[in-house]
Colleague: 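Before I ask anything, here is the structure I am working with.
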Amino acid sequence: MADKQDEKKITPRSEDFAGWYNDIVLRAELADYSPVRGCIVFRPDGFAIWEALRDELDRRIKKTGARNAYFPLFIPQSFLKKEAQHVEGFAPEVAVVTHGGGKELEEPLIVRPTSETIINHMFAQWIHSHRDLPLMVNQWCNVVRWEMRTRIFLRTAEFLWQEGHTAHATREEAERETLTMLEVYRKFAEDFLAIPIVAGRKSAAERFPGAEETYTIESLMGDGRALQCGTSHFLGQNFSRAFEIRFLDENNQMVHPWQTSWGVSTRLLGAIVMAHGDDQGLRLPPAVASTQGVIVPIWRKADDRDAVLNAARAALNELENANVRVRLDDREGLTPGFKYNDWEMRGVPLRIEIGPRDVASGEAVMARRDIPGAAGKSKASLDGIAGHAQSMLAEIQKNLLAQARAAMTANTHSVASYARLQEQMAGEGGGGFADIYWCGRAECETKIRDETRATCRAIPLNQSLSPGQCVVCAEPASERALFAKAY
RNA sequence: CGGGGCGUGGCGCAGCAUGGUAGCGCACCUGCCUUGGGAGCAGGGGGUCGGCCGUUCAAAUCGGCUCGCCCCGACCA
């Protein structure tokens, strides 16, 4: 019997984080492996999360003034080579199409790993005057990067994302745009995905190939490893020079525009799983859950059945009318216990249990996914159930962020010596964030990486600290940086 | 590419040392009975053991080769 139970359970998070993560993704039917190495299938429950996330972010992006467009999947190979750092960064992981229509192509096509090159090629033809600026486009698409090692959602050979590309008349305006989008991402991650974020600058080593500055929203997962959840790049004039984008400014001078690009990907699905999941399975923030609440009817005797189901349907109706995304699990032949476990695995934020006792008392049992076990159960009157559910969902949304933030805070350590840093990063698995003074030099960063496997995740914005000494070389350091082992 | 693990019904595994023609749990189908934390009983269907070659009267089991997957590392969103 114990064996039967164990088989149904997922790998405990504390025992094997990677195994736990894979179990949840597969068992909650978010995604499945595909016949193609490194590529995954997004199953309906997983894709629904992406759709919810995409719809919300799309609204927020459009509010900043960007509009959606679509550029081709294939890019002439020569385009990649136009920007020196860019080609160096991406060439090794690019898929190349050499044949089409039964013939070898005159010039091979690459499958986009990102679209700076082809978009800027088009920008060069669309931008002639300062009146054409700013030009702000965004596209939702797939990209391909031939990664050596893949992890479901976190790093797949093909992934879905949005990439925004903008061109501006002045450096200042482009820099402002970079930070505006970083803030859009930060708020989106925290308010919608309930994932706590550190917003900061990347070190030169971690910068996007071709960018002058890269900013990141970084988070910490349950195993103490950091995950880059989104990036916003200030490209300077690197691409506008490489692709000869020029315009006449107000002074009749021919100049290159200043540019940005920014993106988030389906990696965020992995972030949701890792930031919120527990040993029972997935825990979805109500905002992204396609099913926010599930009603489980319970009856013993046949004559209870109708009364229970009637009450359940009435509740369903009221909740639907209040725009709560709810469903009734009236599957026959399954015990309530099975259904509880099933919906908990799938991450549904709120469960509403209605049995004969509840019908008699005009109540329902509300079970919150964010608080496991009996502690998360309470009663609510069936009359006005929608209001109860809505306020409870709002609390769950807030609480998931609070829980994740508490975990991140508990795993962030201010470290004053190199020995302490090594200690924190020792052993397998993550070590959380090490908040250190760093002089900013690549030598010290490399030393840390080589000796602890931690890398610079972010140099947090808005620091108001007095200068200190680099934990590695003891030279003066004007800023603190967060180092961690990363996904 | 280096290290580790693994390929046997849909899933998880046993069988392999001492070769004899495949078994268990879950899931599935039918019926009865059940439903407040992963129900029970009975009866069913489904695999030729990743692939190839070899040894043998006989291979899931022995030998060789090969393909694939997962995990850890280097690369990266």
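Quick note on labels: first sequence line is chain A, next is B, and so on, each numbered from 1.
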Colleague: For RNA chain B, which residues in residues 353-375 of chain A have a heavy atom at a distance below 4.0 Å?
Modeller: A/Glu353, A/Gly355, A/Pro356, A/Arg357, A/Asp358, A/Val365
Colleague: Just distance, no hydrogens or angles: give the donor-acceptor pairs under 3.5 Å from side chains in residues 288-295 of chain A, sequence neighbours left out.
Modeller:
{"residue": "A/Gln292", "atom": "OE1", "partner": "A/Arg325", "partner atom": "N", "Å": "2.8"}
{"residue": "A/Gln292", "atom": "NE2", "partner": "A/Pro286", "partner atom": "O", "Å": "3.1"}

Colleague: Does OP1 or OP2 of B/rC70 have a side-chain N or O of A/Asn22 closer than 4.0 Å?
Modeller: no
Colleague: Could you give the distance separating B/rC67 and B/rC26 at their C1' atoms, to the nearest angstrom?
Modeller: 29 Å
Colleague: Does this structure show an ion pair linking A/Glu445 with A/Arg441, if we count only N-O contacts that are shorter than 4.0 Å?
Modeller: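 No.
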Colleague: Would you measure the distance from the C1' atom in B/rC70 across to the matching atom in B/rC33 and give it in whole Å?
Modeller: 42 Å
Colleague: Return a table of donor-acceptor pairs under 3.5 angstrom between the side chains of residues 331-338 of chain A and protein atoms on other chains or two or more places apart.
Modeller:
{"residue": "A/Arg331", "atom": "NE", "partner": "A/Asp329", "partner atom": "OD1", "Å": "2.8"}
{"residue": "A/Arg331", "atom": "NH2", "partner": "A/Asp329", "partner atom": "OD2", "Å": "2.9"}
{"residue": "A/Arg331", "atom": "NH2", "partner": "A/Asp342", "partner atom": "OD2", "Å": "3.1"}
{"residue": "A/Glu332", "atom": "OE2", "partner": "A/Arg305", "partner atom": "NH1", "Å": "3.1"}
{"residue": "A/Glu332", "atom": "OE2", "partner": "A/Arg305", "partner atom": "NH2", "Å": "3.2"}
{"residue": "A/Thr335", "atom": "OG1", "partner": "A/Phe338", "partner atom": "N", "Å": "3.2"}

Colleague: Please measure how far the C1' atom in B/rC53 lies from the corresponding atom in B/rC41, and state the result in whole Å.
Modeller: 50 Å
Colleague: Do any of residues 223-232 of chain A sit with a heavy atom less than 4.0 Å from RNA chain B, and if so which?
Modeller: A/Arg225, A/Gln228
Colleague: What is the distance, rounded to the nearest whole Å, between atom NZ of A/Lys301 and atom P of B/rG36?
Modeller: 14 Å
Colleague: Between the base of B/rG36 and the side chain of A/Lys339, is there any donor-acceptor pair under 3.5 Å?
Modeller: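 Absent.
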Colleague: Identify, with sequence neighbours excluded, every residue that meets salt bridge (charged side-chain N to carboxylate O under 4.0 Å, His left out) alongside A/Glu218.
Modeller: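 For A/Glu218, the residues satisfying salt bridge (charged side-chain N to carboxylate O under 4.0 Å, His left out) (neighbours in sequence not counted) are A/Lys202, A/Arg457.
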Colleague: Check A/Glu190 with A/Arg405, please: is the shortest side-chain N to carboxylate O separation under 4.0 Å?
Modeller: yes
Colleague: Could you check how far CZ of A/Arg457 sits from C1' of B/rC76, rounded to whole Å?
Modeller: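 After rounding, the gap between these two atoms is 10 Å.
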Colleague: For residues 275-302 of chain A, pull every pair meeting salt bridge (charged side-chain N to carboxylate O under 4.0 Å, His left out), keeping only residues two or more places apart or in separate chains.
Modeller: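 Those involving residues 275-302 of chain A are A/Asp278-A/Arg369.
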Colleague: Would A/Lys187 and A/Asp191 pass as an ion pair if we require N to O under 4.0 Å?
Modeller: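 Salt bridge present between A/Lys187 and A/Asp191.
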Colleague: Please name all residues satisfying side-chain hydrogen bond (donor to acceptor under 3.5 Å, both in side chains) with A/Glu83, sequence neighbours left out, ordered by chain then number.
Modeller: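 A/Glu83 satisfies side-chain hydrogen bond (donor to acceptor under 3.5 Å, both in side chains) with no residue once adjacent residues are dropped.
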Colleague: Out of curiosity, A/Glu56 CD to A/Glu51 CD, how far, rounded to the nearest 0.5 Å?
Modeller: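 A/Glu56 CD to A/Glu51 CD: 14.5 Å, rounded to 0.5 Å.
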Colleague: In terms of the angle between their ring planes, are A/Phe79 and A/His121 parallel, tilted or perpendicular, with boundaries placed at 30° and 60°?
Modeller: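 Tilted.
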Colleague: In Å, rounded to the nearest 0.5 Å, how long is the span from OG1 of A/Thr266 to CH2 of A/Trp161?
Modeller: 10.5 Å
Colleague: Work out how far the P atom of B/rA17 is from that of B/rG10, and round it to whole angstrom.
Modeller: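 To the nearest whole Å, 26 Å.
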Colleague: Which residues pass the side-chain contact (heavy atoms from CB on, under 4.5 Å) test with A/Ala31, sequence neighbours left out?
Modeller: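 A/Ala31 satisfies side-chain contact (heavy atoms from CB on, under 4.5 Å) with A/Val25, A/Ile40, A/Ile152, A/Phe153 only.
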Colleague: Which pairs with one or both residues in residues 14-36 of chain A pass ring pair (Phe, Tyr, Trp, His ring centres under 6.0 Å), sequence neighbours excluded?
Modeller: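 For residues 14-36 of chain A: A/Phe17-A/Trp20.
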Colleague: For A/Arg357, enumerate each residue passing the salt bridge (charged side-chain N to carboxylate O under 4.0 Å, His left out) test, keeping only those at least two apart in sequence or located in another chain.
Modeller: none
Colleague: Figure out the CG/P separation between A/Leu26 and B/rC70, and round it to whole Å.
Modeller: 10 Å
Colleague: What's the gap between B/rG45 and B/rC29 when it is taken at their C1' atoms, as a whole Å value?
Modeller: 7 Å
Colleague: Remember a base hit wins even if backbone is also touched, and classify A/Thr156 as base, sugar-phosphate or nothing at under 4.0 Å, heavy atoms.
Modeller: base
Colleague: With Watson-Crick and G-U wobble geometry limited to distances under 3.5 Å, how should the secondary structure of RNA chain B be encoded in dot-bracket form, using | for bases paired to another strand and [ ] for crossing pairs?
Modeller: ((((((((.[[[[.)....(..]]]].(((((.......))))).....[[[[[..)....]]]]])))))))....
Colleague: Let me know, please, whether A/Thr150 or A/Trp161 comes out on the 5' side of the other along RNA chain B by nearest nucleotide.
Modeller: A/Thr150
Colleague: Report each atom pair, protein N/O against N/O of nucleotides 1-4 of chain B, whose distance is under 3.5 angstrom.
Modeller:
none

